[in-house]
Amino acid sequence: MALVLLLFAFLSLSLSLYSQYDPTVVAACDLAVNFVFGPTATYRPIGSAADTAFSGSAVIELEVLVVIPKTKTTKPTTTTMTNGKNNAHNTNTTRVVLKHSAVRTLSKSFVTTSTSEEEGDTIKSSKKYAAALKVDQSSRNEYAFLQSYSEKLLQLPPNTIDNDGISSSNKNKNKNDDDEEEEIKLIQTKTRIPRTLYARNHPTEGITLLLESFTSSGGRVTVIPLGPKLNATLEWLANFHANFLPRSLNPNTFLNDDNDNSDSDFAATKEVKEKEEKEEEEEEKKLSSLLWSIGTHLSLEKRSPIELQQLPRDLTEFVERFQNIDNDHDNENDCCCSYFQTLQAKQQGQRIQDVAMDVAHYLHPDNNPAHKTIVHGDYKQGNMFFAATATNNNNTTAVTTTATSSSSRNNGDKEIDIDIDAAHQHQEKIAVFDWQWTGPGLGATDLVYLCVMAVSDEALVDYETTILRPYHNYLIQALTNVTRTNNNKNKNVGDGTTTTTTTNYDELYPYNHLINEFKIAMIDIQRWMGGSRYKSMTVETVQKAKENIDINHGIFRRSMTRIVWIFKIVDLALDDIESGRIQLLKHK
């Protein structure tokens, strides 16, 4: 009876989904849940849902109930109390996240403002259609990235991929002891992301993803404070970037390298090898064709040309709106007022416009192959889950290259030596999600985005010490660990000899190069904010953002201290370019 009531409760709540969401979203939920958990599964929406998310996708957290047929060997997974007696029911509940982009189903409803043939009265001239294309491209980008790299980031065996483009690493599989052991192993990976349980790219119905949920074991924060949380954020990012750096820096890079002539791990005929290589090449080409040519949504090539054309005017108007702030609004306004009253602040828009094309050219990954990697593209607090193991301690310091003590920490299945300092004594765990703007780029662009959007003002007082240097040290440590692992594998080369490789990564990716890339990326993000975000900002909107904090909105929207910091760093970066201390690649 208790089982019947439990099922009835789930069914009643799941019916609310049909009245709350678009039918295409409900259909996607049905398809994904049934595919992964089987026909006996029922589900209900829980928590808040981002049905009108900025990404254009419906995002819903679901609680799934699976009824497991009783057998003599089946262990009960749920126990309820009825009339004072223990009644074991073979049921299992789990939380998942459904993400569905259905913009392809909207094509018939596109409207245009023009009606004459001369003005191009076609569906494709519609602004709504253009926006939908962008949403669809970002959704396909996320699908492609997860299909290509999620197992590698999680250190999982490859998913099975069906002929219809559906993949599932957990098809018709319930949690058991093996799953729990796997989860313990996964939590130790340095690039934790949600596991992809289901992925579908339908030509007319859009992208559907069913992902692991972290809400029961972690949480998000509105600001990343100085201390363990910031260190965990930087360590995750450095290890993520290290995975995709070119083979000259990472011999085990995730990205394909046409010059890779390593021996196969198994014996096979030449014909079989050629066939497999061809199939792999075709699959990689298919997936990579869905990725952005450059990561992030703010890159110049993704923005309207009008933004750059009007930047000097728009940025000057923004500065003038804030140059006479009433100090009663906030005690931080005094220093902000004094800066915005300077000629340097009012001229920044013109200075950025003068170098914007060269800056974009420099940051394009094809023009900087030595440091080309894959960037997250939207690396902010709203796309992170923290599972704390200790209270955040602002006195905790980040990893330093001068640390003398070391120890051994388990990393997956292998033991590695790492430097230890206070940061690792209270290590936080972090998982990152949302890959709609992921693509090739320079790692510094993710760092800049993190600084502008997510970290506390305190963390930026000495940003080189708290942000850049720790990130660079984590990056060098990650690359060093890869080389150490490779050396262990290649000690015996077959003839009894031993080979080792010693690489000085500080020379291959010098810290001063990272500083310059960071400064150049700061100019680029200020170009984007000046042309889009600052235009709607007033003293009143800043105050309102402080009172009603949105975790998905950047901290610059509610912190005048952050905005002045951005302006001043950009001023210094422009000075370096104009004086010749930083050399840009000239855009042709």
Side-chain angles (χ1 to χ4, degrees), residues 54 113 127 130-131 134 294 296-327 329-330 332-364 445 448-449 451-453 519-546 553-579 582 584 586-588:
F54 177 77
T113 55
K127 289 184 178 180
K134 198 171 185 179
I294 180 171
T296 82
H297 58 84
L298 58 89
S299 59
L300 188 60
E301 66 182 44
K302 293 191 181 83
R303 309 303 303 178
S304 167
I306 297 176
E307 290 183 0
L308 185 57
Q309 293 169 12
Q310 298 179 351
L311 183 63
R313 183 201 69 186
D314 291 340
L315 210 52
T316 299
E317 289 179 353
F318 171 81
V319 168
E320 290 175 346
R321 285 199 299 275
F322 287 86
Q323 67 180 354
N324 295 311
I325 304 175
D326 182 358
N327 289 340
H329 276 90
D330 199 298
E332 70 175 332
N333 289 337
D334 189 22
C335 63
C336 298
C337 278
S338 60
Y339 172 77
F340 286 133
Q341 291 168 358
T342 65
L343 183 62
Q344 194 173 26
K346 296 177 181 179
Q347 291 179 340
Q348 191 176 103
Q350 183 60 58
R351 295 175 73 194
I352 293 175
Q353 187 189 60
D354 292 341
V355 300
M357 298 295 287
D358 292 339
V359 164
H361 189 62
Y362 181 96
L363 293 175
H364 197 287
T445 59
V448 163
Y449 200 81
C451 290
V452 169
M453 300 286 173
K519 290 180 178 179
I520 293 169
M522 282 294 301
I523 296 174
D524 196 54
I525 200 170
Q526 181 76 326
R527 181 264 311 156
W528 167 69
M529 292 199 296
S532 59
R533 298 301 185 260
Y534 289 157
K535 293 170 74 171
S536 61
M537 287 182 62
T538 64
V539 176
E540 291 71 27
T541 63
V542 172
Q543 186 62 32
K544 186 175 180 179
K546 289 180 182 179
H553 285 175
I555 290 177
F556 74 91
R557 292 178 180 269
R558 62 180 188 266
S559 171
M560 292 307 302
T561 300
R562 180 63 45 88
I563 293 176
V564 172
W565 178 84
I566 295 168
F567 267 82
K568 289 184 175 180
I569 297 299
V570 171
D571 282 338
L572 294 174
L574 290 168
D575 290 343
D576 285 344
I577 291 174
E578 292 166 359
S579 67
I582 294 179
L584 293 178
K586 290 297 180 182
H587 174 73
K588 296 181 181 179

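Just so it is clear, the model here is predicted, and its values are computed rather than measured.
In this structure Gln341 satisfies the side chain to side chain donor-acceptor pair (under 3.5 Å) test with no other residue, sequence neighbours excluded. Applying the salt bridge (Lys or Arg N to Asp or Glu O under 4.0 Å) test to Glu578 and every residue at least two apart in sequence or in another chain returns Arg351. For the side-chain contact (heavy atoms from CB on, under 4.5 Å) test, residues two or more places apart in sequence or in another chain that qualify with His364 are Ile294, Glu301, Asp366, Asn367. For the side-chain contact (heavy atoms from CB on, under 4.5 Å) test, residues two or more places apart in sequence or in another chain that qualify with Gln310 are Ile306, Arg313, Asp314, Lys535. In this structure Thr541 satisfies the side chain to side chain donor-acceptor pair (under 3.5 Å) test with no other residue, sequence neighbours excluded. Not counting sequence neighbours, Tyr362 has no partner by the ring-ring contact (aromatic ring centres under 6.0 Å, His included) test.
At a threshold of 4.5 Å between non-hydrogen side-chain atoms, the residues Met522 and Ile566 count as touching. Residues Cys451 and Val448 form no side-chain contact, since every pair of their non-hydrogen atoms from C-beta on lies 4.5 Å or further apart. Using a 4.5 Å heavy-atom cutoff, the side chains of Thr538 and Val542 are not in contact. In this structure, Leu315 and Glu320 have side chains that are not in contact, with every pair of non-hydrogen atoms separated by 4.5 Å or more. Contact annotation: the side chain of Phe340 approaches that of Met560 to within less than 4.5 Å [non-hydrogen atoms, C-beta and beyond]. Looking only at side-chain heavy atoms (C-beta outward), Val539 and Phe322 come within less than 4.5 Å of each other. Under the 4.5 Å side-chain criterion, counting only non-hydrogen atoms from C-beta, Val452 is in contact with Met529. The shortest side-chain heavy-atom distance between Phe318 and Ile563 falls under the 4.5 Å cut-off.
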Verdict with supporting geometry, Tyr339 and Val319, side chain to side chain contact (heavy atoms under 4.5 Å, CB included):
CA-CA 9 Å; Tyr339 172 77; Val319 168; over 6 Å; no
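What you find for Ala521 and Leu363 is that their closest heavy atoms are CA-CD1, 3.9 Å. Closest approach of Gly531 to Leu311, counting heavy atoms only: N-CD1, 3.8 Å. In terms of heavy-atom proximity, Phe556 sits nearest to Met537 at O-CE, 3.6 Å. Nearest approach of Ala356 to Arg527, heavy atoms of both residues: CB-CG, 4.4 Å. In terms of heavy atoms, Glu307 sits closest to Ser532 at OE2-CB, 3.9 Å.
Looking only at distances, no side-chain donor or acceptor of Arg533 sits under 3.5 Å from a matching main-chain atom of Arg557. In this structure, the side chain of Thr316 engages the main chain of Pro312 through a donor-acceptor pair within 3.5 Å.
Rounded to the nearest 0.5 Å, atoms CD1 (Ile520) and CD1 (Ile525) are 14.5 Å apart. Here His361 contributes atom NE2 and Met357 contributes atom CE; the two are 10.0 Å apart, rounded to the nearest 0.5 Å. Of the inter-residue distances, the one linking Lys519 atom NZ with Ile569 atom CD1 reads 8.0 Å to the nearest 0.5 angstrom. To the nearest 0.5 Å, atoms CD1 (Ile582) and CG (Asp576) are separated by 4.5 Å. In this structure, CH2 in Trp528 is found 9.0 Å from OG1 in Thr296, a value given to the nearest 0.5 Å. The line from CG of Asp524 to CD1 of Ile352 is 9.5 Å long, rounded to the nearest 0.5 Å.
Phe567 and Tyr534 have parallel rings, their planes meeting at less than 30° on a 0 to 90° scale where 60° marks the start of perpendicular.
Considering Lys346, Gln347, Gln348, Gln353 in turn, Gln353 is the only one that fulfils the side chain to side chain donor-acceptor pair (under 3.5 Å) rule with Gln350.
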